[in-house]
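See structure below.
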Amino acid sequence: MSEQQEKKQAFELHPTPMLDHLESGPWPSFIKGFKETVTRTEKTMVRGVLDQLNYSYETKMGYWKGGVVGVHGYGAGVISRYSMISDQFPEATEFHTMRVQPAPGLHYSAKALREVCDIWEKYGSGLMSMHGQTGNLQLQGVKAENVQALFDELNQRGWDLGGAGATVRTGASCVGPARCEQACYDTLGTHGKVLSYYADLTHRPQLPYKAKFKFSGCPNDCTNSIQRADYAVIGTWKDDMQVDTAEVENFIDKKGIDYVVNNVISRCPTQAITLKGKQLEIDNRNCVRCMHCLNVMPKALSPGKERGITLLVGGKGHLKVGNMLGSVMVPFMKMETEEDIDAFIELIDKMIDYWSENGLDHERIGETIERVGVQEFLDAVGLEANIDMVAHPRDNPFFKADLTHSPEEAA
Amino acid sequence: MSEQQEKKQAFELHPTPMLDHLESGPWPSFIKGFKETVTRTEKTMVRGVLDQLNYSYETKMGYWKGGVVGVHGYGAGVISRYSMISDQFPEATEFHTMRVQPAPGLHYSAKALREVCDIWEKYGSGLMSMHGQTGNLQLQGVKAENVQALFDELNQRGWDLGGAGATVRTGASCVGPARCEQACYDTLGTHGKVLSYYADLTHRPQLPYKAKFKFSGCPNDCTNSIQRADYAVIGTWKDDMQVDTAEVENFIDKKGIDYVVNNVISRCPTQAITLKGKQLEIDNRNCVRCMHCLNVMPKALSPGKERGITLLVGGKGHLKVGNMLGSVMVPFMKMETEEDIDAFIELIDKMIDYWSENGLDHERIGETIERVGVQEFLDAVGLEANIDMVAHPRDNPFFKADLTHSPEEAA
Amino acid sequence: MAERTWKTIENGPHSLDDFLHPISKKNYGQWRYHERPRPGVLKHVAWSGDVLFTVRAATHRQVTVDIVRRLCDLADKYADGYLRWTIRNNVEFMTPNEANVEPLIRDLAAIGHPVGGTGPSVSAIAHTQGWLHCDIPAIDASGVAKSIMDALFHDFAHEEMPNRVRLSTSCCEINCGGQADIAVVVQHTRPPRINHEILANVCEMPSTVARCPVAAIRPTTVNGKPSLMVVEEKCIYCGACFGACPAMEINHPEHSKLAVWVGGKNSNARSKPTNMKLVAHGLPNNPPRWPEVTDVLKRILGAYKAGGRDWERLGEWIERIGWRRFFEETGLAFDKSMIDNYRHARVSLNQSAQIRF
Amino acid sequence: MAERTWKTIENGPHSLDDFLHPISKKNYGQWRYHERPRPGVLKHVAWSGDVLFTVRAATHRQVTVDIVRRLCDLADKYADGYLRWTIRNNVEFMTPNEANVEPLIRDLAAIGHPVGGTGPSVSAIAHTQGWLHCDIPAIDASGVAKSIMDALFHDFAHEEMPNRVRLSTSCCEINCGGQADIAVVVQHTRPPRINHEILANVCEMPSTVARCPVAAIRPTTVNGKPSLMVVEEKCIYCGACFGACPAMEINHPEHSKLAVWVGGKNSNARSKPTNMKLVAHGLPNNPPRWPEVTDVLKRILGAYKAGGRDWERLGEWIERIGWRRFFEETGLAFDKSMIDNYRHARVSLNQSAQIRF
Ligand code: SRM
Ligand code: SRM
Ligand code: SRM
Ligand code: SRM
Ligand code: SF4
Ligand code: SF4
Ligand code: SF4
Ligand code: SF4
Ligand code: SF4
Ligand code: SF4
Ligand code: SF4
Ligand code: SF4
C-alpha cells in the first residue's frame with residue numbers, strides 16, 4: 001500500500017447507507033455536497049457528523065445537546081452542539097454553529113464571500129447554511145477552541161455575529177430598492193441602521209426573550225414579517241397610487257377585458273377598482289394597499305408618492321399562545337431621512353424598554369401586549385389609539401370605561 | 001263632595017312629571033297605557049309602581065329587590081320583586097311577575113287571550129309584557145298571596161309557567177309553516193313537543209344554569225337563535241334548491257338584468273349563482289343555504305325537498321366569556337316524523353346529561369364545551385366529528401394527537 | 001287561603017290547536033311566496049292558491065289588559081278571531097280578505113298602533129325590564145326604547161332602509177336585549193361600591209366571587225365579619241357581581257352611562273352572523289328622553305341610509321366601507337377603549353398591512 | 001491560545017456598500033416594472049431605462065465552501081462579481097446583459113443548480129436544522145425537504161400553479177419554518193418521558209414548568225431528589241418543555257409523527273395574512289424519503305393546480321371551495337383532532353347555519 005493510498009484510506013468516508021438515498025433526484029443534494037467537501041478537506045468532524053446523521057436516520061432520533069460556547073465579550077451568537085453519543089462517533093464530539101449577520105437583503109460580492117469561505121475552511125468544517133430562517137449566515141461545525149480566532153478574522157473583514165437567546169436577533173430585509181419597483185422605502189438601509197443600533201442588544205442577552213426585525217418594502221411582505229417578526233416594518237403609501245394610463249390601455253389591449261375583470265377588478269378586496277372603457281378608476285379612499293392590482297399590472301400601476309412604513313408589532317410562532325401575527329401599531333410613518341429612522345428607533349426603544357420592564361421570562365413582546373392589553377401598551381409608549389390598529393372595535397363590554405372619552409369626534 | 005267624587009279622588013294618580021314626558025310622540029306610550037288601566041281599575045299597586053318609576057327617573061336608580069315567590073310544586077316561573085323603598089311608596093311594596101308560556105309562534109285566539117286578561121285583571125295589576133325577550137307572556141304585578149290562585153285559573157285553561165333560574169327556559173319559534181314559504185320544518189310543532197317534554201326541567205331548577213331552545217324555520221333565523229339559544233334548531237335542506245324557471249324569467253324581465261346581477265348574483269357568499277341568459281344556474285354543491293337569493297326571489301327560488309334541521313349548540317350572552325354564538329353540532333337531521341323528534345330529544349338528553357354532570361355552577365353548555373373542548377363533548381354525546389362543525393381546521397398544534405387517526409379517507 | 005283543589009297540568013307551552021288562523025292551518029307548511037303590498041303589510045300565497053294578508057302593528061310591549069282587549073276586538077272584527085305577536089313585540093293580524101286590510105290599518109291607527117316594521121324598515125326595538133321591574137337596571141329600557149322609536153318613527157312606517165334594521169336596548173351590561181344592528185346598553189364606569197351592611201345577609205359569597213370575569217373579588221373581613229372586597233385595578237366595571245349579589249352596588253346616577261353597539265347580525269343571509277361592536281360610550285343617563293342616545297342612533301342610521309346598498313345590513317355596510325369611514329361618516333370618535341383587550345382580543349386586531357388611509 | 005490583539009467592532013449587519021450590483025446602486029429605489037421572461041428569470045426595468053436580469057437558482061441551503069466558491073465563480077463570470085440569496089435559500093445572479101442569461105442557466109445546471117422558483121411556481125422549501133444540528137428535532141428537516149423538492153421538482157422549474165406556492169418543513173413542533181402554503185411539521189403523540197437521571201443536573205426547573213402551555217408540569221420528588229412530573233391527562237404532547245430541558249424526552253422514533261398544514265399566507269395581497277390549518281397528521285417518520293409525506297403534498301398540490309384560479313393562493317382557493325371540498329378533493333380525512341380546542345377555538349367553529357352539503 002503506497003503512502004498516498006494509506007492517507008486516502010485513512011480519510012475514506014464510512015458507509016452511510018441511509019443518507020446515500022438522498023443523493024439522487026433533481027433537487028440539489030446536501031449529502032452529495034457534504035461528501036464532496038469532506039472528501040476534499042478530509043475533515044474528520046464532518047465525517048463524524050455524517051456518521052451520526054446516518055445513525056439518526058436509522059434510529060429516528062437526534063443526538064445533539066447544547067452547551068455554552070462564545071466569543072470574547074459577547075453572550076450570544078454561537079450555538080454549541082456536543083454529541084450525546086460521542087463514544088460511538090468521537091469525530092462528531094463538537095459541532096458548533098457561528099451565526100454571522102450578512103449584509104441587508106443577503107447581498108454579497110463574490111470576493112467577500114470567497115474570503116468568508118477561506119476563513120471558514122481554515123477554522124471550521126466548511127459546511128454552512130445559507131441562510132437560517134431568521135437570516136443568519138450559519139457556519140456549521142466549529143470546535144470551541146477555534147471559535148474566537150474564527151470570529152476575529154471574520155470581524156476584521158466587517159462581519160459581526162447574529163443574535164441567539166434573549167437578544168435582538170439578526171434582521172431580514174427584502175431586496176427592495178436594489179431591484180424591486182414596489183419598494184416604498186429603503187428596506188436595506190433601514191435594516192442596516194436599525195440593526196447596527198441594536199448591536200449591543202444583539203450580542204448580550206438582556207431582554208425577556210428574543211426580538212426580531214424584518215423589513216419588507218411593500219405589503220407583499222416578501223420577508224414574511226407579519227408572521228415572524230416582533231417588529232414588522234412594511235412599506236406603504238398614503239396618497240393615490242400612480243396610474244400610467246397609456247400602460248393601462250396597453251394592458252387591456254394585450255390581455256383583454258375578461259382577464260382584467262377576472263384577475264384585477266374582481267380580486268380587489270374592497271372593490272375599489274372600476275372599469276371605465278379602457279381605463280381603470282381607482283377609488284383610492286377605499287384601496288387598502290393590498291398590492292394585488294399593482295402586482296398584476298406593475299407597468300401600469302405603481303405605489304403613490306407619499307411613501308413610508310406601517311409598523312406591526314408582535315409577530316411570532318405559536319409557543320404557548322398559538323401563532324401570533326403582528327398587528328398594526330403605527331399605521332403610517334415617514335422613513336426617508338436620517339431623522340425618520342431616528343424617530344423610528346426612538347419609538348422602538350420605548351417599546352423594548354416597556355417590554356424589558358414588564359415582560360415575563362420567555363415572553364415575546366406580542367404576548368406581553370396581549371397580557372396587559374393594547375391600551376396599556378399604547379399609553380406606555382405614548383401612542384394614540386387609531387382605528388387602523390383593529391379589524392373592528394371590541395365586541396364585548398369588558399373594559400375599564402374611560403370617563404374622559406367624548407363620544408363625538410373633536411371638531 | 002259626592003261619594004263618586006270622593007272615590008275618584010281617592011284613586012287619583014299622583015304626579016309623575018318625569019314619566020309624563022313619555023306620553024307624547026308617535027310611538028305607543030307605555031305610560032299612557034299604564035295610566036289608562038290604573039285609572040279604570042284603580043289598582044293602587046300600579047299607582048305605586050308609577051310613583052316609584054317616576055322617582056327612578058328623577059334619581060336615575062332602580063329600587064326593586066328580589067325574593068322567593070312561587071307556585072305549588074314548582075321551583076321557577078315567578079320573578080319576585082319587592083320595593084326597596086316601600087316606606088316611600090307603600091303601594092309598590094310587591095310587584096311580582098308570572099312568566100307564562102304562550103303557544104309556539106306567539107299565536108293566540110282572541111277568545112283565549114281575553115280569558116287571560118280577565119283572569120289577570122282579577123288577580124293582578126293588569127300590566128303585562130308581550131313578550132319577554134325569551135318569549136314569555138309576562139304578567140307583571142301580582143302579590144304573593146294571589147300567585148297560586150292566578151296560576152291555578154290559568155293552568156285550568158291550558159297555560160303553564162315558563163322557566164327562570166337554572167332551568168330549561170321557555171322556547172321561541174318563528175311563525176314558520178303557519179305562514180312562511182321558507183319554513184323547512186315544523187317549527188311550531190317541534191317547539192311544542194320539545195318544550196312539553198322538558199316541562200319538568202323548566203319548572204324545577206336542576207341544571208348548572210339556564211338552557212334555551214329556539215326554533216327557526218330556515219337560516220334567516222327570525223328567532224335570533226344562534227346568538228341567544230343554547231340549542232338553536234334551524235331549518236335547512238340537503239338537495240338542490242327548487243327553481244321555477246318561468247318565475248326566474250319573469251323576475252329578470254320585471255327587475256332587469258342589472259338588478260339581478262347586483263342584488264342576487266354578486267351577493268351570493270360563495271359565488272354559486274351564474275347568469276345564463278334569462279336563467280340562473282345554481283351550483284348547489286357550493287350553495288351554503290344562506291337564503292339570500294331565495295329571499296330576493298321567493299317566487300322563483302325555494303328550498304329543496306330533502307328538508308331537516310341544523311342544530312347549533314352554545315349560543316348565549318357575553319357573561320364572563322364574551323358573546324358566544326352557537327356552533328354547528330349536527331349539520332343535518334331529519335325533522336319530519338315523531339321518530340325524528342324523538343331522536344332529536346334523545347340527543348339533547350345526552351347533551352343535557354353531560355352538561356349537568358360536568359358543568360360548573362352558572363356555566364352555560366357552550367361554556368362547558370369550550371372548557372372541556374369540542375372533542376370531549378362529541379365523544380360524550382356520541383357524535384362524529386364533521387367538517388361542517390368548523391369554519392376551518394385548527395391553526396395550532398396544541399392537541400392530544402390521536403394515534404388511531406388515518407390521514408386518508410376510508411375508501 | 002282556600003284549600004287548593006286543582007291539580008297542576010305541566011304541559012309546557014300552550015297548545016296551538018285553536019290558535020291558528022284556519023287558512024294557516026289549511027296551508028300549513030305549504031306556502032309558496034310572499035309580497036309586501038305596502039309597509040306593514042305582507043301577502044303570503046300558498047301552493048293551494050290561498051292568500052293570507054298580514055298586518056303588522058307596533059305595540060309598546062309593556063301593555064295592559066285594556067290594550068290587549070282592544071287588539072282582541074280588532075282580531076274578531078278583521079282577522080277571524082286570531083292574532084299573534086312577533087319576536088319584536090309587534091302584533092300581527094292575518095286575513096284572507098284584502099278588503100279588511102285598509103280598515104284594519106285605520107282602526108289600529110285610531111287606537112294608537114301604527115303599522116310598519118316590515119321589509120327594509122326599522123322594526124320595533126327589542127327591550128328589557130328596566131326600572132319598571134328588574135333588580136339591577138341602571139336605566140329604564142322602556143323609556144329609552146320609547147324615546148328612540150319616537151325619533152326613528154318615520155323609518156318604522158316606511159321601507160327606506162337598505163335592509164331591515166333591528167335595534168335593542170338593555171338596562172344593564174348583561175344585555176338581555178341581545179345582539180342587534182344597533183344596541184343601546186348600559187356601561188358602568190367605576191367599580192361597585194360594596195354595601196357591607198347588607199352583604200352578610202344577602203350574599204352567597206362563593207358564587208359572587210365566581211361570577212367575576214376577571215377574578216377581582218376577594219373574600220375579606222370587615223368589622224370582624226366575613227365580607228368581600230374588589231381589587232379595583234382588576235375590576236372592569238361589568239356589574240356581573242351585582243347580578244349575583246345586591247350588595248355589590250355598581251349602579252350610579254352619573255357613573256352608569258350608555259354605550260352604543262353596532263353590526264350585530266343574526267341571519268345567515270350573505271354573511272355569517274356577527275357580534276356587535278362598540279362605537280360610542282360615555283353617553284349620559286339622561287331621562288326621560290335620553291337625547292344624546294337618540295342623536296347617536298340618528299347619525300348612524302342617517303349614514304347607513306345614505307351609503308348602504310340594497311340588502312346590505314348595517315354591519316355589512318360597515319365591513320364594506322371600512323371602520324375608519326364609519327367613524328368619519330357618523331362623526332363618532334374612536335377611542336382606545338374600543339380596542340379589544342379581552343380574551344379573544346387578538347382576532348380583532350388588524351393583523352395585516354391592509355389600511356385605508 | 002495566543003493573546004488576542006483584535007478589538008471587536010460591533011457593527012451588526014455587514015455593510016452593503018460593496019455588495020450591490022452597480023446597476024442596482026445606480027437605480028436604487030428607481031425601478032419601474034418587471035417581467036418574467038421565463039421560469040427562473042426576472043427582468044426589472046428602471047425609470048432610467050436600465051435593465052437588470054435576475055437568474056434564480058436552487059441551492060440545498062446546507063451548502064459548503066466548495067459549492068459557494070463555484071457560485072462565486074459564476075457571479076464573476078456572468079454577474080459582475082455579485083450574487084445574493086433570497087429568503088427561501090435560492091441564489092440570485094443579476095446582470096444587465098441579456099446574453100449572459102442562457103449560458104448562466106446552463107452553467108448553473110451543470111453544477112447542479114436548476115433555475116426556477118419564480119412566479120406561480122413551487123419555490124424552494126424553507127426548512128430548519130433537523131438531526132444535522134438542532135438539539136430537539138424528531139426528523140431531519142433537510143432530508144424531508146430534499147425528498148419533497150425532488151417530488152415537486154417539475155413545479156419548481158415551471159410556472160404552472162395558480163399562484164406562488166411556499167412550503168416549509170420543521171423538525172419539531174416549535175416550527176422554526178413558520179407559516180406556509182403547505183408546511184410539514186413534527187407532531188408528537190405521547191407525553192414526554194422524564195429522564196430523572198439527568199434532570200437534576202440539566203434542568204432549570206422553574207422555567208421548564210413555566211414553559212408548558214397547559215400547566216401540566218409539576219414539581220415532585222423522585223428518589224428523594226427534587227424532580228418534575230407530567231400530568232398526562234393535561235399534557236398535549238407539544239414538546240415545548242423539551243426545548244427548555246433535555247430531560248423531558250418527547251422524541252420517539254414511532255410516536256413522533258409528521259403533520260401537514262395548509263393555507264398559511266404572509267402577503268397582504270387580496271386577503272389578509274392567515275395562519276395555516278391542520279389537514280393531516282399521524283404520518284410516519286419514515287426516513288430517508290418520507291414517501292407518505294410527499295404523497296400528501298402531491299395530492300394537495302394536484303387538487304390546487306386543477307382547481308385554483310389564477311392568483312388564488314392555496315388558502316384562498318380552499319376558502320372559496322370550502323373545507324369540505326378540500327378534504328373531498330384531496331382524499332384526506334378530517335378528524336376530531338382538527339377541531340380546535342385551544343385558546344381561540346371559538347373563532348374557528350362554524351358559528352352559522354351556512355353549510356355546503
Ligand atoms: C437555526 C434556526 C432554524 C434554521 O435552521 O433555520 C432555528 C433554530 C432553533 N430555534 Fe428557531 N430557529 C430559526 C428561526 C426561527 C424562526 C423564523 C424566523 O426567525 O424568521 C422562528 C419563527 C418566528 C419566531 O421567532 O417566533 C423560530 C421559532 C422558534 C421558537 C418558537 C418561538 C415562539 O415564540 O413560538 C423557538 C423556541 C424558543 O425560543 O424557546 C425556537 C428555538 C430554536 C432553537 C434555539 C431550539 C433550541 O431551543 O435549542 C433552535 C436552535 C437550533 C440550532 O441547532 O441551531 N425557534 N425560529 C433558525 C435561526 C437561524 C438564523 O438565525 O438565521
Ligand atoms: C426575491 C424575493 C425577495 C427577496 O428579497 O429575497 C422576492 C421577490 C419578488 N417578489 Fe416576493 N419575493 C420573495 C419572497 C416572497 C415571500 C416570502 C417567502 O417566499 O417565504 C412572499 C410571501 C409569501 C406568502 O404570502 O406566504 C412573497 C410574496 C410576494 C407576492 C404576493 C403573492 C400573493 O399573491 O400572495 C408578490 C406579488 C406577485 O407575485 O406579483 C411578490 C412579488 C415579488 C416580485 C415580483 C417583486 C418585484 O417586482 O420584483 C419579485 C419577484 C417574484 C418572483 O419570484 O416572481 N412577492 N415573496 C423573495 C424570493 C423568494 C424565493 O426565492 O422564492
Ligand atoms: C325579563 C327578561 C328581559 C325582558 O324584559 O325581556 C330578562 C330579565 C332578566 N335577565 Fe335576562 N332576561 C330576558 C331575556 C334574556 C335573553 C334573551 C333571550 O332569552 O332570548 C338573554 C340573552 C341570551 C342568553 O340567554 O344568554 C338574557 C341574558 C341574561 C343573562 C346573561 C347570560 C349570559 O350567559 O351572558 C343574565 C345573567 C344571569 O343569568 O346571571 C340574565 C339575567 C336576568 C335577570 C334574571 C337578572 C337578575 O339576575 O335578576 C333579569 C330578571 C328581570 C326581571 O325583573 O324580570 N339574563 N336574558 C327576559 C326574559 C323574559 C322571558 O322570559 O321571556
Ligand atoms: C314575523 C317574523 C317571524 C316571527 O315568527 O315573528 C319574521 C317574518 C319574516 N321574516 Fe324575519 N321575521 C321576524 C324576525 C326576524 C329576525 C329577528 C328579529 O327581528 O329580532 C331576523 C334576524 C335579524 C338579524 O339578522 O339580526 C329576521 C331575518 C330575516 C331575514 C334576513 C335578513 C337579512 O338579509 O339579513 C329575512 C329575509 C328577507 O328579509 O327577505 C327575513 C324574512 C322574513 C319573511 C319575509 C319571511 C316570509 O317569507 O314570510 C317574513 C316577513 C318579513 C318582513 O317583515 O318583511 N327575516 N327576521 C319576525 C318579525 C319581527 C318584527 O316584528 O319585526
Ligand atoms: S416586499 Fe415588496 S418591495 Fe420588497 S421585494 Fe417584495 S414586492 Fe418588492
Ligand atoms: S392595491 Fe389592492 S386594495 Fe388597492 S386597489 Fe389594488 S387590489 Fe384594490
Ligand atoms: S326563520 Fe325562515 S321560516 Fe321562519 S319565519 Fe323566518 S324566514 Fe320564515
Ligand atoms: S342560498 Fe345563498 S349561498 Fe345558496 S345560492 Fe343563494 S345566495 Fe348563494
Ligand atoms: S338587561 Fe340587565 S337590568 Fe335589564 S332586564 Fe336584563 S338583567 Fe335586568
Ligand atoms: S364589576 Fe365585574 S369586574 Fe368588577 S368586581 Fe364586579 S364582576 Fe368583577
Ligand atoms: S423546528 Fe425545532 S428541531 Fe427544528 S430547528 Fe427549530 S427548534 Fe430545532
Ligand atoms: S409536552 Fe407540552 S404539554 Fe406536555 S408537559 Fe411538555 S410542555 Fe407541557
Side-chain angles (χ1 to χ4, degrees), chain A residues 216 218-219 221 226 232 234 236-239 269-271 284-290 310 312 314-315 321-322 324-328 331-332 366 370 372-376 378-379 384-410, chain C residues 173 175 185 187-190 213-214 235-238 255 257 259-261 263-264 274-283 292 296 318-328 331-357:
Chain A
S216 284
C218 79
D221 195 7
I226 293 184
I234 300 184
T236 192
W237 67 97
K238 241 187 147 165
D239 55 347
T270 52
Q271 281 120 57
N284 282 283
R285 254 187 115 220
N286 260 319
C287 166
V288 289
R289 281 68 176 157
C290 87
T310 298
L312 296 93
V321 299
M324 261 191 150
L325 301 172
S327 70
V328 174
F332 188 83
E370 185 162 283
V372 304
V374 174
Q375 282 86 334
E376 173 161 338
L378 292 179
D379 286 350
E384 291 286 322
N386 184 297
I387 184 73
D388 303 323
M389 295 173 177
V390 299
H392 55 74
R394 70 164 60 239
D395 68 357
N396 63 70
F398 298 129
F399 67 103
K400 277 187 185 297
D402 173 7
L403 269 183
T404 64
H405 165 75
S406 150
E408 292 178 40
E409 194 112 64
Chain C
E173 276 192 47
N175 189 29
V185 187
Q187 187 79 37
H188 304 293
T189 62
R190 45 139 244 198
V214 293
C235 174
I236 47 177
Y237 324 149
C238 72
H255 298 303
K257 303 283 186 181
V260 177
W261 301 74
T274 45
N275 289 328
M276 57 203 192
K277 321 290 188 298
L278 179 68
V279 294
H281 62 102
L283 296 164
E292 299 82 359
V296 169
I318 300 174
E319 279 307 324
R320 175 170 59 79
I321 66 165
W323 285 92
R324 166 172 287 286
R325 299 291 167 251
F326 169 81
F327 282 96
E328 284 172 12
L332 297 172
F334 180 80
D335 84 338
K336 69 178 177 183
S337 315
M338 294 173 194
I339 302 180
D340 197 357
N341 58 354
Y342 203 58
R343 301 193 187 186
H344 292 84
R346 197 188 306 169
V347 300
S348 79
L349 300 179
N350 184 5
Q351 298 181 309
S352 81
Q354 293 193 1
I355 297 177
R356 278 180 176 82
F357 286 107

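Quick note on labels: first sequence line is chain A, next is B, and so on, each numbered from 1. This one's a predicted model, so the numbers in the text were calculated from it and none came from an experiment.
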Top of [options] for chain A proximity - count of heavy-atom pairs under 4.5 angstrom:
options	answer
C:Ile339, C:Ile321, C:Leu278	C:Ile339
C:Met276, C:His344, C:Gln187	C:Gln187
C:Ala259, C:Gly264, C:Ser352	C:Ser352

Select, from [options], the one with the greatest count of heavy-atom pairs under 4.5 Å involving chain C.
options	answer
A:Gly373, A:Pro331, A:Ala232	A:Pro331
A:Asp221, A:Asp379, A:Leu378	A:Asp379
A:Asn284, A:Thr236, A:Ile234, A:Leu312	A:Leu312
A:Thr310, A:Asp239, A:Asn396, A:Val374	A:Asn396

Between atom [atom1] of [X] and atom [atom2] of [Y], what is the distance when rounded to the nearest 0.5 Å?
X	Y	atom1	atom2	result
A:Ile226	C:Gln351	CD1	CD	9.0 Å
C:Lys336	A:Asn386	NZ	CG	14.0 Å
C:Ser337	A:Lys400	OG	NZ	11.5 Å
C:Asp340	A:Phe399	CG	CZ	10.0 Å

**Study point:** Proximity breakdown for C:His188 and chain A, heavy-atom pairs closer than 4.5 Å
**Key:**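 Contact with chain A: backbone only.
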Review point. Of the backbone (N, CA, C, O) and the side chain (C-beta and beyond), which part of C:Arg190 lies under 4.5 Å from a heavy atom of chain A, both, or neither?
Key: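 Neither part.
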Are any of the side-chain heavy atoms of [X] and [Y] separated by less than 4.5 Å?
X	Y	result
A:Pro393	C:Phe326	no
C:Phe357	A:Arg289	yes
A:Ile387	C:Met338	no
A:His392	C:Thr274	no

Check your understanding: For A:Val372, is it the side chain, the backbone, both or neither that has a heavy atom under 4.5 Å from a heavy atom of chain C?
Key ->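 No part of A:Val372 comes within 4.5 Å of chain C.
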What's the shortest heavy-atom distance between [X] and [Y], and which atoms?
X	Y	result
C:Pro213	A:Phe398	CG-CE2, 4.1 Å
A:Val321	C:Arg346	O-NH2, 2.9 Å
C:Trp261	A:Arg394	CZ3-O, 3.6 Å
C:Arg325	A:Arg285	NH2-O, 2.7 Å
C:His281	A:Ala401	ND1-CB, 4.4 Å

Exercise for review: Assess the side chains of C:Arg320 and A:Asn286: does a donor N or O sit below 3.5 Å from an acceptor N or O?
Suggested key: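 No donor-acceptor contact under 3.5 Å links the two side chains.
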Review point. Distance-only, no hydrogens or angles: does the C:Asn350 side chain make a donor-acceptor pair with backbone N or O of A:Val328 under 3.5 Å?
Key: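 Judged by distance alone, no pair lies under 3.5 Å.
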Practice item. Report the C-alpha separation of A:Phe332 and C:Ile355 in whole Å, then their side-chain angles, then the decisive distance to 0.1 Å, and conclude whether the side-chain contact (heavy atoms from CB on, under 4.5 Å) test is met. Key: CA-CA 9 Å; A:Phe332 188 83; C:Ile355 297 177; over 6 Å; no
**Study point:** Working for side-chain contact (heavy atoms from CB on, under 4.5 Å), residues A:Thr270 and C:Gln354
**Key:** CA-CA 10 Å; A:Thr270 52; C:Gln354 293 193 1; 6.0 Å; no
